[in-house]
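This report concerns only the one structure given below.
Side chains included, hydrogens not; waters and symmetry mates left out as well; all remaining heavy atoms used.
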Amino acid sequence: MMRKMISLMYHDVYEHSVHESGFQTAPANKYKISKEEFAKQIQRISQYCTDRNILKENVMLTFDDGGASFYSIIAPILKEYGFKGYFFISTAFINTKGFLTSDQVISLHEEGHFIGAHSHTHPGMLNKLPLVELEEEWSVSIKILNELLKIKTTHVSIPGGSFSKEMGNILASKGIESIFISQPTDKIELISDNCRTIGRFAIYNNTKVSEVEDLLKTISVTRLRQIVKWKSLILFKYLLGTNYLRIRKFLLK
């Protein structure tokens with residue numbers, strides 16, 4: 001049984017084609033799932049919570065990038081099963097093809113969903129940027145959301161899994177309270193007294209409904225697989241350095 005809160009990392013959901021929503025790259029597409037499959041997963045999560053008297057608030061359903069499907073597909077399904085989503089938006093793409101409009105972002109907020117920043121331009125390796133550029137990425141993104149929603153942005157998620165201690169300190173200084181990272185863990189770590197990191201378990205285009213349910217369990221084979229994969233990836237990134245993205249792009253062609 002799930003004893004702690006858990007966060008699941010989704011991206012886009014499509015009805016007919018992966019080209020409908022979000023970034024149009026091979027790395028992005030591996031996270032996109034069909035509307036039918038997404039509905040099955042959320043229904044299973046809902047049933048799991050109901051059967052075990054688990055508060056649905058303890059399952060944090062997060063969605064990265066800011067694709068148009070957040071509004072057209074994802075939010076209605078979450079509403080059907082009584083969930084609120086954490087929608088993280090790369091603000092440079094608001095009002096562009098395949099992404100949310102300003103009005104849709106406002107509507108999601110008014111429906112009670114959590115809106116957070118996902119950087120401004122979604123750089124490939126955010127943690128490799130000079131500190132000045134890194135700070136600008138977050139300052140611009142947070143400012144846009146603050147002005148659009150007329151509230152203070154307190155949640156962010158990190159693109160590409162490229163989190164660093166320096167980034168955490170920058171975000172904490174900007175009043176961010178929750179930093180959702182890509183590391184598969186249910187542990188919550190403090191950056192400061194008022195800022196924490198929250199790990200997430202990823203949902204891919206080939207993730208089965210049974211695996212989604214397994215992720216909700218404290219002792220889970222699916223969790224273990226993701227943890228092992230993550231640690232191997234961190235080592236791979238360390239050894240390849242800035243060549244990582246180039247090699248990844250080549251392998252995903």
Side-chain angles (χ1 to χ4, degrees), residues 2-11 55-66 70 83-92 94 105 108-109 112-203 215 218 223 226-227 230-231 233-234 237-238:
M2 184 179 69
R3 298 185 182 90
K4 298 181 179 180
M5 296 181 74
I6 184 174
S7 180
L8 301 181
M9 180 176 69
Y10 284 91
H11 288 72
L55 292 175
K56 291 184 177 180
E57 291 83 355
N58 285 353
V59 182
M60 293 177 283
L61 301 173
T62 75
F63 303 86
D64 283 1
D65 295 345
F70 286 17
F83 288 99
K84 298 297 183 184
Y86 290 75
F87 293 116
F88 295 106
I89 300 166
S90 292
T91 47
I94 295 174
V105 176
L108 289 171
H109 165 66
H113 298 289
F114 302 93
I115 307 297
H118 192 52
S119 81
H120 184 53
T121 66
H122 202 285
M125 293 189 76
L126 194 59
N127 61 336
K128 298 299 182 183
L129 292 179
L131 283 179
V132 173
E133 294 180 24
L134 177 61
E135 184 162 7
E136 183 178 11
E137 276 287 335
W138 289 114
S139 294
V140 172
S141 184
I142 291 168
K143 183 174 184 288
I144 288 172
L145 291 179
N146 286 352
E147 292 178 352
L148 183 62
L149 301 177
K150 308 277 192 299
I151 63 165
K152 179 182 175 183
T153 299
T154 57
H155 303 300
V156 304
S157 74
I158 310 300
S162 55
F163 183 65
S164 66
K165 181 179 179 181
E166 291 77 13
M167 197 184 309
N169 291 334
I170 288 172
L171 291 167
S173 72
K174 296 184 182 304
I176 297 303
E177 298 172 5
S178 298
I179 303 171
F180 288 80
I181 58 178
S182 299
Q183 181 180 351
T185 178
D186 60 8
K187 294 180 181 178
I188 293 175
E189 297 187 3
L190 292 178
I191 297 295
S192 68
D193 290 342
N194 300 311
C195 182
R196 60 183 181 165
T197 62
I198 301 174
R200 299 184 290 175
F201 291 89
I203 306 299
L215 285 171
T218 304
R223 284 194 186 196
Q226 288 203 16
I227 291 167
W230 172 264
K231 291 182 176 180
L233 183 61
I234 291 299
K237 285 183 177 181
Y238 173 77

Could you check whether any side-chain N or O of Glu135 sits under 3.5 Å from a backbone N or O of Ile170, counting only pairs where one atom can act as donor and the other as acceptor?
no
Heavy-atom count check: over 12 atoms from other residues, nucleotides or ligands less than 6.0 Å from Lys143 NZ?
no
Output for pair (Ile115 CD1, Leu108 CG), nearest 0.5 Å, gives 5.0 Å
With a 4.5 Å limit on heavy-atom distance, are the side chains of His109 and Leu148 in contact? no
- Query: Any side-chain heavy atom of Trp138 within less than 4.5 Å of one from Thr153?
  - Reply: no
In the structure I gave you, are the side-chain heavy atoms of Ser182 and Trp230 within less than 4.5 Å of one another anywhere? yes
- Do Gln226 and Leu215 touch side chain to side chain, with heavy atoms closer than 4.5 Å? yes
CE of Met60 to CZ of Phe114, rounded to nearest 0.5 Å, is 10.0 Å
Should the pair Tyr10 and Phe63 be assigned to parallel (<30°), tilted (30 to 60°) or perpendicular (>60°) ring geometry?
parallel
CD of Glu177 to CG of Leu171, rounded to nearest 0.5 Å, is 12.5 Å
Output for pair (Ile198 CD1, Ile188 CD1), nearest 0.5 Å, gives 5.0 Å
In this structure, OG of Ser119 is separated from CG of Leu134 (nearest 0.5 Å) by 9.5 Å
Paired with Arg200, the side chain to side chain contact (heavy atoms under 4.5 Å, CB included) test is passed by just one of Ile6, Ile158, Thr62, namely Thr62
So CD1 of Ile142 and NE2 of His120: to nearest 0.5 Å the spacing works out to 12.5 Å
Open item on the list: I'd like to know if the side chain of Ser162 reaches the main chain of Leu126, judged simply by a donor and an acceptor atom lying under 3.5 Å from each other, with no hydrogens or angles considered.
Closed with: yes
inquiry  = Could you tell me if the side chain of Ser141 sits less than 4.5 Å from the side chain of His118, heavy atoms only?
reply    = no
message = Treating Glu137 as the side-chain partner and Thr121 as the backbone partner, does any N or O pair qualify as donor plus acceptor under 3.5 Å?
response = yes
Those residues at least two apart in sequence (or on a different chain) that pass side chain to side chain contact (heavy atoms under 4.5 Å, CB included) with Ala172 are Ile191, Ser192, Cys195
Next on the checklist: Angle between ring planes, His113 versus Phe87, binned at 30° and 60°: parallel, tilted or perpendicular?
Outcome noted: perpendicular
Minimal heavy-atom distance between Asn127 and Phe163, with the atoms involved, is ND2-O, 4.1 Å
- request: Decide side chain to side chain contact (heavy atoms under 4.5 Å, CB included) for Asp186 and Arg223; before the verdict, give the C-alpha distance in whole Å, the side-chain angles of both, and the deciding distance to 0.1 Å.
  value: CA-CA 10 Å; Asp186 60 8; Arg223 284 194 186 196; 3.0 Å; yes
